[in-house]
Amino acid sequence: MKRIIATENAPQAIGPYSQAVEVNGTLYISGQVPLDPASMKVVEGGIKEQTEQVMKNIGAILDAAGYSFADVVKSTCLLSDMADFKAMNEVYGSRYTENPPARAAFAVKELPLGVMVEIETVAVK
């Protein structure tokens, strides 16, 4: 059975997609960008601040669905500039200090709203 996850503690979808969808104990979180859910504006600062907001948004969605970062099994990180990889990785890694998930990281030509980072996440119970 498919369950749509929506929380006001993460940015509302800016297109025809759900914040997350749960199917058979697997949670698929749409790519999160560094939008402040209260203002729906990109947070100020550089890659560290943007990654921190992305991880907060992911955490809010995980929580709303009854999951935690410990349940995450796969992440895909999209960066507008691979030179930001190290700084992004420091913030990202702070959420996965033990048994980190599988992950891919790519530099892409550009991201929605001109942000520096977008991260999609899969978690399993």
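Because the structure is predicted, anything quoted here is derived from the model rather than measured. All residue numbers refer to positions in the sequence shown, counting from 1. Keep in mind that the numbers below use all heavy atoms, side chains included, and drop hydrogens, waters and symmetry copies.
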Exercise. Is there a side-chain contact between I47 and V117 (heavy atoms, below 4.5 Å)?
Worked result: yes
Exercise. Given side chains that start at C-beta, do those of P101 and Y96 come closer than 4.5 Å, heavy atoms only?
Worked result: yes
Which pairs pass salt bridge (Lys or Arg N to Asp or Glu O under 4.0 Å) with one or both residues in [range], sequence neighbours excluded?
{"range": "residues 28-44", "answer": "none"}
{"range": "residues 108-124", "answer": "none"}
{"range": "residues 77-95", "answer": "K48-E90, E52-R95"}

Exercise. Does the side-chain contact (heavy atoms from CB on, under 4.5 Å) test come out yes or no for V122 and L27, once each step is laid out?
Worked result: CA-CA 6 Å; V122 178; L27 182 69; over 6 Å; no
Problem set entry | Atom of V21, atom of S18 and distance for their closest heavy-atom approach | CG2-CB, 4.0 Å
Hey, quick one: are [X] and [Y] part of the same hydrophobic cluster, counting side-chain heavy atoms closer than 4.5 Å, chains of contacts allowed?
{"X": "V43", "Y": "M40", "value": "no"}
{"X": "L113", "Y": "I29", "value": "no"}
{"X": "L78", "Y": "Y17", "value": "yes"}
{"X": "Y28", "Y": "I14", "value": "no"}

Exercise. Would V115 and Q50 satisfy side-chain contact (heavy atoms from CB on, under 4.5 Å), going step by step from the backbone distance to the final call?
Worked result: CA-CA 8 Å; V115 302; Q50 287 199 9; 3.7 Å; yes
Could you give the side-chain donor-acceptor pairs of residues 4-13 under 3.5 Å, partners two or more places apart or in another chain?
unit_1	atom_1	unit_2	atom_2	d
T7	OG1	N9	N	3.1
Q12	NE2	T7	O	3.1
Q12	NE2	A10	O	3.3

Exercise. Can you name the residues that form a side chain to side chain contact (heavy atoms under 4.5 Å, CB included) with F85, not counting sequence neighbours?
Worked result: L79, M82, M88, N89, R103, A105
Output side-chain donor-acceptor pairs under 3.5 Å for residues 56-75, partner residues at least two apart or in another chain, one line each.
unit_1	atom_1	unit_2	atom_2	d
N57	OD1	Q53	NE2	2.9
N57	ND2	V33	O	3.1
N57	ND2	L35	O	3.2
N57	ND2	Q53	O	3.4
Y67	OH	E22	OE2	2.5
Y67	OH	G25	O	3.3
S68	OG	A70	N	3.2
D71	OD2	S68	N	2.9
K74	NZ	T76	OG1	3.3
S75	OG	Y92	OH	3.0

For this session: Might you work through the side-chain contact (heavy atoms from CB on, under 4.5 Å) test for M116 and L111, ending with a clear yes or no?
Result: CA-CA 7 Å; M116 302 168 134; L111 291 166; 5.9 Å; no
